[in-house]
Structures are given as C-alpha cells and as structure tokens.
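Notes for the one structure printed next.
Predicted model, so just to flag it, every value in this text is computed and none were measured.
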Amino acid sequence: MRSEPYNVLENGAAGRLPEKLVVFTHAGGEAEGTASVQDMLVPFAFEEVLCRDVGAGKVPPVLHLWSHPGGVALGLRDSKLPRAAEAMQALEQQGIRTAVRHSGGAAVPLDTGVINVSLLLPKPAGKLDFHDDFRLLASVITEAVAVSHPQAAALIRAEEVTGSYCPGDFDLAIGGRKFCGIAQRRQSSAYFVHAFVIVSGSGLARGERIRRFYMDAADGDESLDYPRVRPETIAALAELGGPASAAEFTAGIRQVLASRGTLLLPEEQLQQETGYSLRYSDPQVLEAARILRERYAR
C-alpha cells in the first residue's frame, strides 16, 4: 500500500524511539583510516553483522552514522541491465567505487557530502509495519534540519519524487527536489531502517552521474525497466536552505534524539562497560562483505 504525501513537521513526531541507542560513527574525520573504508560493501556488511548482534541481544539498539569517500551503490535490478558491468567499470575508471547492495532499491551515489543514517532495532512482538519506521526516521531527519534551519524544515514533504534516483514513497523533498531516500532491511530477529541524506555538494551533478550510468547500462534501450533520472529533481540540503555540512546535520540528529528522551551511548563507552566492539576492519565484517559480493555479483 502506497503512502500518501505529507508535510513531515505538520504530521508531528512519529514513532517511538528506544530508551538507549549506541552510536557508531564512520563519517568524515571519524571514519576508520583503512583500505576497508574504500570498499563499498563494508558499511553494509558492518550493519549486517551489527544487526544480527542487536537481534541476539549482544548490543542495544544502534544509531549508525556513516559516509563513503566516493562510490555508487546499485540495486540488484540495476546490475541486471545488459551493459551494467561496462557501466560500472567506467565509473571505477573515474575513481568511483561500485557495488551491488542487498537492501533493495536502485542506484544511489555516495560521497562525503552524503550522510547515511541507520537505526538498527530488535524486532518487536507482533506485526511489523515498515511505514511506521519510515515515518519515524523521516521525522527524526526533518527535526534535525529544524534544529539549525527551521524555515527549510517546515517545507519538507515525504512523497515520491518522479525523476529522482532510487525513487520511493518516503523520499524527502523541499520544493519537489529530493534530498533523502529511505529503505529498510529485515533479518530474523532484528531489522534496520536506513536513509541517505544529501547534505552538501551538487545534487544536479549526482543526478547526472546516475542518469549517465543508466544510459550506459541500458545501452540506450528505452524498453527496459529502470529509473528515468532527471538530474534537476535532486538537490543537497545546503542548496535548499538547510544545513551546509555533515557536522551540522549530524549534530542536529543527536540533539533531536536526546530531546526525545533517548540516551546516546558512544561505542567506546559500550566497549568499556560490556567488552563489545565492532570495527570495519574486523574479520567477521570483511567476511560478511565477501559473502555479499559473491551473492549479489552479476
């Protein structure tokens, strides 16, 4: 069932957050300085491992904030286009890493101006309505924008933006220009809801990159099913009157969560208190990345 478009702030605070969230950060200067950071699949593998541990009760619910130096994460359907391999290779030759992700959706560009926000949560008893989780994350992101730029936040709508890359019912947009997309993935005992948020840089340039990928991957065949990207439908928050830096936006996320009564526990404190730690470079994360690569390769 499709969700009707709505103004996020006018809709009010949605959903219920956990009493405590452990915060793992791999963004900007806080990212691990190893080769594993360059691997497009490592952040997704990290969340796969972490989500299993959340489901097993080894770690409380998690907030993961991360970025990638530069890449394009493809959906599985994208990888099946007739010349997808060649189009991916063309991006790699430009220094843009590529990978097929497991969480569905379509192609999205990742770089230091795009902040990924993931909530990793244990499955509750009873039926799970993914719309509730999408609304929850949409409201947190919108309120985070409102911390520093209330006028921009008042204009944010949740609605599918036709012509954007990776379109969906819970695209977040200002004036019809998308700056955020939201997706979800479930495991047996836990799940995560994830958003990419374009904070800074050129939305137009990112849209053109994805449009070019689809043109090359489809080899000009207009009969194929893939997103028809119009670059002008994409914008960064900084271009829309919102936060201009990753630091400003993530500070807003932390402030909103704290104002809703959620205790934010740094991962270092979790390790001190329980002995639990997880890093991008840990063997189980790298092994999970290898399995994802083999499973979702063309």
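- A donor-acceptor pair under 3.5 Å is formed between the side chain of Glu248 and the backbone N or O of Ala244.
- Between Arg177 and Glu232 no salt bridge is recorded (no basic side-chain N to carboxylate O distance below 4.0 Å).
- The pair Arg212-Glu208 fails the salt-bridge criterion, with no side-chain N (NZ, NE, NH1 or NH2) lying under 4.0 Å from an Asp/Glu carboxylate O.
- Residues Ser189 and Lys123 are not in side-chain contact: their nearest non-hydrogen atoms beyond the backbone lie 4.5 Å or more apart.
- Taking a cutoff of 4.0 Å between a charged side-chain nitrogen and a carboxylate oxygen, Arg135 and Asp132 qualify as a salt bridge.
- Side-chain contact between Val8 and Leu172 is present, with at least one heavy-atom pair separated by less than 4.5 Å.
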List the steps, then state whether side-chain contact (heavy atoms from CB on, under 4.5 Å) holds for Val199 with Val114.
-> CA-CA 6 Å; Val199 177; Val114 177; over 6 Å; no
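- Judged purely by atom type and a 3.5 angstrom limit, Ser79 has no side-chain atom pairing as donor or acceptor with the backbone of Val100.
- Stacking of Arg209 on the aromatic ring of Phe213 is not recorded, the 6.0 Å distance cut-off and the 45° axial limit not both being met.
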Under the side-chain contact (heavy atoms from CB on, under 4.5 Å) rule, what do Ile210 and Val108 come out as? Steps first, then yes or no, please.
-> CA-CA 7 Å; Ile210 301 303; Val108 296; over 6 Å; no
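- Between the CG atom of Leu137 and the CD1 atom of Ile182 there is a distance of 4.5 Å, given to the nearest 0.5 Å.
- At most 12 heavy atoms of other shown residues, nucleotides or ligands fall within 6.0 angstrom of atom CD in Glu19.
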How far apart are the C-alpha atoms of Glu47 and Arg185, what are their side-chain angles, what is the distance that settles it, and do they pass the salt bridge (charged side-chain N to carboxylate O under 4.0 Å, His left out) test?
-> CA-CA 10 Å; Glu47 291 187 348; Arg185 176 168 169 78; over 6 Å; no
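- Looking only at side-chain heavy atoms (C-beta outward), Leu224 and Asp219 stay at 4.5 Å or farther from each other.
- In this structure, Gln93 contributes its side chain and Ala90 its backbone to no donor-acceptor pair below 3.5 Å.
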Give the intermediate values and the outcome of side-chain hydrogen bond (donor to acceptor under 3.5 Å, both in side chains) for residues Asp78 and Tyr214.
-> CA-CA 8 Å; Asp78 299 331; Tyr214 281 123; 2.9 Å; yes
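- With respect to the salt-bridge test (charged N to carboxylate O, under 4.0 angstrom), the residues Arg260 and Glu143 qualify.
- Inspection of the Glu267 and Ser277 side chains reveals no N or O donor paired with an N or O acceptor under 3.5 Å.
- Sparse packing is recorded around CZ of Arg16, with 12 or fewer heavy atoms of other residues, nucleotides or ligands lying under 6.0 Å away.
- A side-chain donor-acceptor contact under 3.5 Å links Asp282 to the backbone of Arg279.
- With values rounded to the nearest 0.5 angstrom, Lys20 atom NZ is found 6.0 Å from Leu265 atom CG.
- The line from NE2 of His194 to CG of Asn116 is 4.0 Å long, rounded to the nearest 0.5 Å.
- Rounded to the nearest 0.5 angstrom, Ile253 CD1 and Leu63 CG are separated by 7.5 Å.
- Under the 4.0 Å criterion applied to side-chain N and carboxylate O atoms, Lys178 and Glu160 are not assigned as salt-bridge partners.
- Put simply, the side chain of Thr262 never gets that close to the backbone of Ala258: no donor and acceptor are under 3.5 Å apart.
- The closest side-chain heavy-atom distance from Pro60 to Leu270 is below 4.5 Å.
- With values rounded to the nearest 0.5 angstrom, Cys180 atom SG is found 12.0 Å from Ile115 atom CD1.
- Salt-bridge annotation for Asp225 and Arg77: present, with a side-chain N of the basic residue lying under 4.0 Å from a carboxylate O of the acidic one.
- No donor-acceptor pair under 3.5 Å is formed between the side chain of Glu159 and the backbone N or O of Ala173.
- For Tyr226 (side chain) and Ala217 (main-chain N/O), no donor-acceptor pair under 3.5 Å exists by modelled atom type.
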Hey, mind stepping through Asp171 and Arg157 against salt bridge (charged side-chain N to carboxylate O under 4.0 Å, His left out) and telling me if it holds?
-> CA-CA 8 Å; Asp171 294 342; Arg157 290 181 59 81; over 6 Å; no
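- Using a 4.5 Å heavy-atom threshold, the side chains of Leu237 and Val145 count as touching.
- Counting heavy-atom neighbours within 6.0 Å of Glu273 CD, excluding the residue itself, gives a total above 12.
- For Ser67 (side chain) and Asp111 (main-chain N/O), no donor-acceptor pair under 3.5 Å exists by modelled atom type.
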Decide yes or no on side-chain contact (heavy atoms from CB on, under 4.5 Å) for Leu76 and Arg101, but give the supporting numbers first.
-> CA-CA 7 Å; Leu76 186 59; Arg101 71 184 189 279; over 6 Å; no
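- No more than 12 heavy-atom neighbours from other residues, nucleotides or ligands sit within 6.0 angstrom of NZ on Lys58.
- Between His26 and His64, the ring centre distance stays below 6.0 Å.
- Using a 4.5 Å heavy-atom threshold, the side chains of Leu264 and Leu257 count as touching.
- At distances below 3.5 Å, at least one donor-acceptor pair connects side-chain atoms of Arg230 with backbone N or O atoms of Thr162.
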From CA spacing to verdict: side-chain contact (heavy atoms from CB on, under 4.5 Å), Val42, Val285 | CA-CA 7 Å; Val42 163; Val285 173; 4.2 Å; yes
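- Looking only at distances, a side-chain donor or acceptor of Ser164 sits under 3.5 Å from a matching main-chain atom of Val161.
- In this structure, CZ in Phe134 is found 5.5 Å from CD in Gln184, a value given to the nearest 0.5 Å.
- Centroid-to-centroid, the aromatic rings of Phe44 and Trp66 come within less than 6.0 Å.
- In the displayed structure, Gln187 atom CD is contacted under 6.0 Å by more than 12 heavy atoms of other residues, nucleotides or ligands.
- Contact annotation: the side chain of Arg254 approaches that of Val23 to within less than 4.5 Å [non-hydrogen atoms, C-beta and beyond].
- Aromatic ring centres of Phe24 and Phe46: separated by under 6.0 Å.
- Side chains of Val193 and Leu136 form no contact here, defined as non-hydrogen atoms less than 4.5 Å apart.
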